[in-house]
Amino acid sequence: MSIVDVERSAAAKYKLQVIDCDIHPAMTSWKEIHPYLEKRWIEHLTVYGSHLRHAFSEALSHPRMSPDAARVDAYPEEGGPPGSSLDLMRKQHLDPNGVEIGMLIPLRWNPGSQRNLDFGVALTRAMNTWQVERWVKQEPRLRASVLVAQEDTAGAVAEIDARGGDPNFTQILILPRTDEPLGRRRYWPIFEAAVRNNLPITVHVGGTGGHPSTGGGWSSYYMEEHHMVSQAMQAVVTSLVFEGVFERFPKLRVVIMEGGLGWIPSLSARMDKHWSRLRSEVPHVKRPPSEYVREHVWFTTQPMEEPGSSAALIDLFDRIGWDRLLFATDYPHWDYDDPRTSFKANLTEAQRLQLLRGNARTFYGFA
Amino acid sequence: MARHVVATVDEIPPGARMLVTVGGREIGIFNVAGEYFAIGNRCPHNGGSLCKGRVVGLVEAAEPGCYQVSRRGELVRCPWHGWEFDLRTGKSWCEPERTKVKSYEAKVEPGEALIEGPLRAETFPVSIEKQYVVIEL
């Protein structure tokens, strides 16, 4: 059984130092954010509840083989969903994996997809404060993300401006299946606010936003829907490029989170090919699309591709650009990437450090 | 090669499992309907602790829509990415030749035999009246 033994000794060779760009904190119940919600919205929650723009709105759209899409070993002993216990997060993840900084990405409760826009905006305010009070103030290694209700542009912009300059926040978080493709002009005030506050826009997979779960409609199986993460992200990148968002906002930085990696070079090449023939339709796109992607878009590494050979993975990183890759674990979700074992490639020590923390340190401006 | 007493049989009832460390190795001891199996605890994919996974049966389908479940309780599913390992062989159901954990022979021995024989009970005293799980590595 050489595999097990080899991995053990490899892990012991270096001390882990990691910046984890994707950690999912959870509430034990809605009551956790009551202190940060106006009385009116607490009553709203009690009377009407939370309703997202899809059916069975409190449930995930497809049943997973593990509830909450979580690691089976991530349930806190004291009860509550995975990700709700800071103590367990420290013991199971932050401490043993050498996490120096971890980015909080709250997904459930999805304020950006609330049918009631005013409730959505109130929920972003409450959950942003909740991240600071419940997590960042208790654990200095953690950082919050500015949740926004992107369908109410004015509400989203107000929240970004309210949090801008607060070092507890590192980025603005939007889920990909917005009402319209993300590059459409209705969302531009959000990008303007992002640039004004020097915060990247992070797009993390999650929810369906009321759209069918795949490009071909509603699928039968989670396994089909799970492939959709890359479809949804390709739609986001394509929209941002061809709507001219990066021409209009040359300082805008976008992070594509948990979308997979294999598709990035092929999408860039395909966009370049089409642009060279069809560009008269989009004269505002002045340069080959791949250049915008290379300059404006970063990608988190989880779920890491496993092409079966070290050379194939290194070739993929070469094509994407090593400096564009930000390490993420997705703790406590089931497709968690372990910093010791997830890169199935022969990396140099310098490459490993660059991926595990160097790039994120530069990108987010951590000293 | 040495044999190690790791538990009394009543500590691991049917359907249960126990994580033990023998000779620096983490080993999961599983009781499947009265039979004991021992496999390495660390998932060869990315290192999840197999002892924390669910014990499941083998679900197969001869054709779409036609399911059958067999070998109930004979596979353990990694708590992280869901790789399923056969508790009898340590082999993954997918990629059985490439992805496997070490499997160790596990036997039940009476305390009487253990006290007289050359076995090692490292962590607790052995009494004549009880039955013990013994693994070899």
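Order of the sequence lines sets the chain letters (A, B, ...), proteins ahead of strands, with each chain counted from 1.
With values rounded to the nearest 0.5 angstrom, A:Asp338 atom CG is found 10.5 Å from B:His45 atom NE2. For the atom pair CZ of B:Arg77 and OG of A:Ser66, the computed distance is 9.0 Å after rounding to the nearest 0.5 Å. The NZ atom of A:Lys344 sits 4.0 Å away from the CG atom of B:Asn46 when rounded to the nearest 0.5 Å. In this structure, CH2 on B:Trp80 lies 6.0 Å from OG1 on A:Thr341, to the nearest 0.5 angstrom.
A 6.0 Å sphere centred on CH2 of B:Trp93 holds no more than 12 heavy atoms belonging to other residues, nucleotides or ligands. By the 6.0 Å contact criterion, CZ on A:Arg141 is enclosed, its count of non-hydrogen atoms from other residues, nucleotides or ligands being greater than 12.
At a heavy-atom cut-off of under 4.5 Å, chain B is reached by A:Arg71, A:Val72, A:Asp73 from residues 71-90 of chain A, listed in order of number. Contacts from residues 49-61 of chain B to chain A, taken as heavy-atom pairs separated by less than 4.5 Å, involve B:Lys52, B:Arg54 in sequence order.
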